[in-house]
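Just so you know, ligand 1 is whichever comes first in the structure, and atom 1 is the first atom listed for that ligand.
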Amino acid sequence: GIRLKSNFPYVSWGHYDVCKSQIYTEEGLAWDYMACQPEATDMTKYLRVALDPPNITCGDPPETYCALENPYMCNNECDATTEELAHPPELMFDFEGRNPTTFWQSTSWKKYPKPLQVNITLSWNKTIELTDDIVLTFESGRPEQMVLEKSLDYGRTWTPYQFYATDCLDAFTMEPKTVNELTQRTLLDIICTEDYSRGYVWKNDKTVRFEIKDRFALFAGPRLHNMASLYGQLDTTKNLRDFFTITDLRIRLLKPATGATMVDENNLSRYFYAISDIKVQGRCKCNLHANSCVFDKGKLGCECEHNTTGPDCGRCKRHYHGRAWSVGSYLPIPKGTQCNCTINPCVFFTFVSLSTGQLWHKSILMY
Ligand SMILES: *[C@@H]1O[C@H](CO)[C@@H](O)[C@H](O)[C@H]1NC(C)=O
Ligand SMILES: *[C@@H]1O[C@H](CO)[C@@H](O)[C@H](O)[C@H]1NC(C)=O
Ligand SMILES: *[C@@H]1O[C@H](CO)[C@@H](O)[C@H](O)[C@H]1NC(C)=O
Ligand SMILES: *[C@@H]1O[C@H](CO)[C@@H](O)[C@H](O)[C@H]1NC(C)=O
Ligand SMILES: *[C@@H]1O[C@H](CO)[C@@H](O)[C@H](O)[C@H]1NC(C)=O
Ligand SMILES: *[C@@H]1O[C@H](CO)[C@@H](O)[C@H](O)[C@H]1NC(C)=O
Ligand SMILES: [Ca+2]
């Protein structure tokens with residue numbers, strides 16, 4: 001089990017909002033160092049999106065689309081040169097409170113039976129930890145085949161997160177499963193689900209999910225009331241921690257909605273992909289050594305404490321290798337970790353360079 005200090009400020013997702021606090025000890029005032037992490041937030045504000053093929057967005061040349069459920073209803077026009085009729089990728093991430101919805105749209109399945117396949121790659125150039133379900137909203141029927149993939153190394157290698165199909169056996173030779181069938185032991189299994197691909201039900205539910213919360217619930221209980229138990233597991237089980245950690249996501253659209261067993265070859269303008277919204281909630285991974293994450297000059301980075309440094313606070317600062325770096329811990333001091341100075345006493349000076357007048361951030365160690 002995990003022991004928690006009763007005075008830890010506990011916020012929404014159970015993260016501690018301070019990295020250190022002053023305490024009174026028998027020897028006087030001292031610092032108590034704690035695990036800390038930035039608050040979870042909407043991570044779609046900080047990503048880059050790339051499409052493959054790059055020219056797969058509709059509207060160049062302009063095209064008219066028909067509704068999937070009614071081939072005579074053809075009032076969906078896409079023209080990249082007209083703002084009101086363009087459907088660029090940004091519209092997957094804009095604020096969706098308006099009516100009508102705004103969405104990205106692909107070209108239609110003109111080259112049928114050649115597959116209509118699109119990769120949508122989301123990159124953060126920073127390690128982030130997912131804290132809530134990934135939710136995609138499709139505006140023209142959910143795809144009949146799709147794979148969600150993740151990368152943990154800035155897009156060099158990819159692994160599947162989840163497969164989606166109307167028929168898992170047929171599409172991926174996988175038995176269909178639902179997230180509810182997972183247990184603590186099989187939590188990291190990659191499954192194929194048919195839950196989000198069924199024919200015409202798209203009118204009622206347009207969303208495709210990757211269920212993070214249901215997986216958390218296997219440790220933290222149905223209403224996530226026991227986050228300490230989850231954090232205890234995350235703290236000690238690297239595979240589990242890495243499972244929810246990403247630098248990039250890729251949505252591989254493999255087959256659009258057709259709503260039928262046969263594709264109507266006389267009217268291929270009924271088949272295309274359209275996505276109005278993508279939700280990705282998470283926080284910067286700071287190895288439990290930072291309270292906040294900043295977005296500066298287009299770049300996400302942790303504001304490291306505990307004398308650590310690096311984009312993820314993944315190492316000790318220069319001259320602070322008195323103790324080997326390790327992930328911050330939810331366990332109380334002295335298990336709580338921080339990098340410390342190599343020598344004792346540890347004094348630093350900041351010099352003003354006399355020749356240039358500039359502040360010289362060179363740190364000098366003094367005995
Ligand atoms: C996209 O570009 C490729 C290669 O340049 C071309 O073969 C393809 O027809 C283009 N697709 C569209 C929809 O314009
Ligand atoms: C097929 O698509 C065209 C537009 O490409 C449209 O005018 C027509 O009404 C559609 N329906 C049928 C059944 O042909
Ligand atoms: C999409 O990504 C996969 C690997 O993740 C790659 O094999 C494929 O060629 C990419 N492009 C398309 C258009 O599917
Ligand atoms: C990613 O971040 C690194 C620094 O951590 C930077 O050097 C690189 O240019 C960034 N790449 C992109 C594509 O922004
Ligand atoms: C970081 O180093 C400074 C200077 O030596 C020290 O005062 C401080 O206690 C250290 N912080 C942690 C969390 O170890
Ligand atoms: C740094 O931590 C190590 C391990 O806890 C300890 O042995 C060492 O004395 C510490 N150094 C300083 C300068 O406090
Ligand atoms: Ca939108």
Side-chain angles (χ1 to χ4, degrees), residues 42-58 76 78 83-107 109-111 114-128 135-140 143-164 171-172 190 206-208 246-256 272-280 284-287 290 293-304 309-315:
D42 171 8
M43 294 310 289
T44 62
K45 292 182 202 150
Y46 313 111
L47 59 77
R48 263 170 219 251
V49 58
L51 298 190
D52 180 26
N55 59 353
I56 198 71
T57 299
C58 69
N76 178 350
C78 182
E83 203 188 322
E84 304 84 72
L85 299 178
H87 293 286
E90 302 89 271
L91 299 183
M92 294 185 278
F93 309 104
D94 59 343
F95 174 69
E96 201 61 78
R98 284 163 294 168
N99 220 356
T101 52
T102 58
F103 52 92
W104 165 78
Q105 186 170 314
S106 75
T107 58
W109 201 356
K110 290 183 294 245
K111 290 185 184 149
K114 192 171 172 279
L116 177 65
Q117 299 189 343
V118 184
N119 287 350
I120 302 172
T121 304
L122 315 180
S123 306
W124 282 270
N125 198 17
K126 166 83 187 78
T127 324
I128 64 172
V135 187
L136 315 177
T137 307
F138 285 85
E139 279 306 311
S140 72
E144 287 184 6
Q145 290 174 20
M146 179 188 129
V147 188
L148 183 68
E149 293 183 337
K150 65 171 271 196
S151 172
L152 237 178
D153 55 10
Y154 305 94
R156 275 186 288 278
T157 60
W158 295 88
T159 51
Y161 240 161
Q162 193 145 300
F163 293 84
Y164 302 83
F172 303 114
I190 305 303
K206 301 171 167 186
T207 62
V208 173
I246 61 167
T247 55
D248 305 74
L249 280 176
R250 178 171 285 163
I251 301 150
R252 295 185 62 189
L253 303 170
L254 299 174
K255 188 180 179 194
F272 53 90
Y273 304 106
I275 299 179
S276 62
D277 197 51
I278 298 182
K279 287 205 181 353
V280 184
C284 288
K285 173 181 167 137
C286 301
N287 285 299
C293 186
V294 292
F295 189 62
D296 187 26
K297 300 189 185 80
K299 175 116 191 70
L300 281 171
C302 302
E303 292 207 298
C304 301
T309 188
D312 306 343
C313 309
R315 56 180 196 270

For this session: Look at ligand 4 and say whether Arg48 reaches it with a heavy atom at a distance under 4.0 Å.
Result: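 Yes.
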Exercise. Where do Met146 and Leu254 land on the side-chain contact (heavy atoms from CB on, under 4.5 Å) test, with the steps shown first?
Worked result: CA-CA 5 Å; Met146 179 188 129; Leu254 299 174; 6.0 Å; no
For this session: Answer yes or no: is there a donor N or O on one side and an acceptor on the other, between the side chain of Asn119 and the main chain of Arg252, under 3.5 Å?
Result: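 No.
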Exercise. With no hydrogens and no angle check, is any side-chain donor or acceptor of Tyr154 less than 3.5 Å from a backbone partner on Ser123?
Worked result: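 Absent.
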Give the residue, atom name and distance (to 0.1 Å) of the protein heavy atom nearest [atom].
atom                   : answer
atom 5 (O) of ligand 4 : Lys299 CE, 3.0 Å
atom 7 (O) of ligand 3 : Arg252 NH2, 4.1 Å
atom 4 (C) of ligand 3 : Arg250 NH1, 3.4 Å
atom 6 (C) of ligand 4 : Asn125 ND2, 4.2 Å

For this session: Answer yes or no for Leu91: is there an N/O/S atom below the 3.0 Å cut-off from the Ca ion (ligand 7)?
Result: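 An N, O or S atom of Leu91 is closer than 3.0 Å to the Ca ion (ligand 7), so yes.
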Exercise. What is the O(Ser276)-the Ca ion (ligand 7)-OE1(Glu96) angle, to the nearest 10 degrees?
Worked result: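 Between O of Ser276 and OE1 of Glu96, at the Ca ion (ligand 7), the angle is about 80°.
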Exercise. Where the Ca ion (ligand 7) is the centre, what is the OD1-to-O angle for Asp94 and Thr102, rounded to 10°?
Worked result: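 Here the angle at the metal atom is close to 140°, to 10°.
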Exercise. Looking only at the SG atoms, are Cys286 and Cys313 under 2.5 Å from each other?
Worked result: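 Answer is no: Cys313 does not pair with Cys286 in a disulfide.
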For this session: Report yes if the SG atoms of Cys58 and Cys78 are separated by under 2.5 Å, and no otherwise.
Result: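 A disulfide is present here, as the SG pair of Cys58 and Cys78 is separated by less than 2.5 Å.
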Exercise. What atoms of ligand 3 come within less than 4.0 Å of a heavy atom belonging to Glu149?
Worked result: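 Taking each heavy atom of Glu149 in turn, ligand 3 has 5 (O) under 4.0 Å.
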Problem set entry | Arg48 to Trp124, cation-pi by 6.0 Å centre distance and 45° axis angle |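 No, Arg48 does not sit over the ring of Trp124.
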For this session: Could you name the option among Asn119, Thr121, Leu254 that has the heavy atom nearest to atom 10 (C) of ligand 3?
Result: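 Considering heavy atoms of Asn119, Thr121, Leu254, the nearest to atom 10 (C) of ligand 3 sits in Asn119.
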Exercise. So, are Lys126 and Asp312 salt-bridged, with charged N and O less than 4.0 Å apart?
Worked result: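 A salt bridge links Lys126 with Asp312.
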Problem set entry | Presence of salt bridge, Lys279 and Asp277, under 4.0 angstrom |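 Lys279 and Asp277: salt-bridged.
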For this session: Answer yes or no for atom 2 (O) of ligand 4: protein heavy atom present at a distance under 4.0 Å?
Result: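 It does; a protein heavy atom is within 4.0 Å.
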Problem set entry | atom 14 (O) of ligand 3 touched by protein heavy atom at under 4.0 Å |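 Neighbour list for atom 14 (O) of ligand 3 includes protein heavy atoms (cut-off 4.0 Å).
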